[in-house]
Amino acid sequence: MAFLKDSTFIGRASGRSMEGVGIYDGDLLIIDRAKDVQQNDVIVACLNGQFVCKIADLTNNLLLSANPANKPYKLTGFDQYNV
C-alpha cells in the first residue's frame with residue numbers, strides 16, 4: 001500500500017472509541033497527510049491493514065482511545081503502521 005505525503009482524504013468514523021474528543025460513529029473525518037504528527041494529536045493510521053482513528057502517544061509508542069472502555073494499543077516491531 002502506497003501513501004502520498006501531500007494527500008488529503010475523507011473518511012467516515014466507525015465505532016465509539018473517540019467520543020471523548022467529539023468524534024462519533026458516522027462522522028466524516030478530513031485526513032490531511034501533509035501535517036506532521038505531534039504528541040497527543042488525533043490521527044488516522046493504517047494499522048495492520050485496518051484504518052484506525054486514535055490519539056498518538058509518541059512518548060510511549062501507544063495508540064489511545066478517547067473512551068475509557070477501550071485499552072491503549074502498544075505498537076511493536078511486528079505491526080504494520082502508517083500515519
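- Counting only residues at least two apart or on different chains, the salt bridge (charged side-chain N to carboxylate O under 4.0 Å, His left out) pairs with a member in residues 18-31 are R16-E19.
- Here the closest non-hydrogen pair linking A45 and Y81 is CB-CE1, 3.7 Å.
- Looking at R33, its side chain never comes within 3.5 Å of a backbone N or O of S7 through a donor-acceptor pair.
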Checklist entry - Does the pair I55 and I43 meet the rule for a side-chain contact (heavy atoms from CB on, under 4.5 Å), with working shown? => result CA-CA 6 Å; I55 299 167; I43 62 166; over 6 Å; no

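- Within the structure, salt bridge (charged side-chain N to carboxylate O under 4.0 Å, His left out) pairs that include any residue of residues 39-66 do not occur (at least two apart or interchain).
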Checklist entry - Going through the distances and angles, do N67 and M18 end up as a side-chain contact (heavy atoms from CB on, under 4.5 Å)? => result CA-CA 6 Å; N67 182 334; M18 296 303 287; over 6 Å; no

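- The two residues Y24 and A13 make their nearest non-hydrogen contact at O-CB, 3.5 Å.
- Although no hydrogens or angles enter the test, the distance criterion places no donor-acceptor pair under 3.5 Å between the side chain of Q80 and the main chain of G49.
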Item to check | Step-by-step side-chain contact (heavy atoms from CB on, under 4.5 Å) determination, I10 to L29 | outcome: CA-CA 5 Å; I10 296 177; L29 305 173; over 6 Å; no

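- Between Q38 and L58, the shortest heavy-atom contact is C-CD1, 3.7 Å.
- When the side chain to side chain contact (heavy atoms under 4.5 Å, CB included) test is applied to D79, the partners found at least two apart in sequence or on another chain are L47, N48, Y73, L75, T76.
- Annotation for Q50: atom CD does not count as buried by contact number, only 12 or fewer foreign heavy atoms lying within 6.0 Å.
- Between L62 and K71 there is no side-chain heavy-atom pair separated by less than 4.5 Å.
- Between C53 and the choices V44, L63, I31, the side chain to side chain contact (heavy atoms under 4.5 Å, CB included) rule is met once, by V44.
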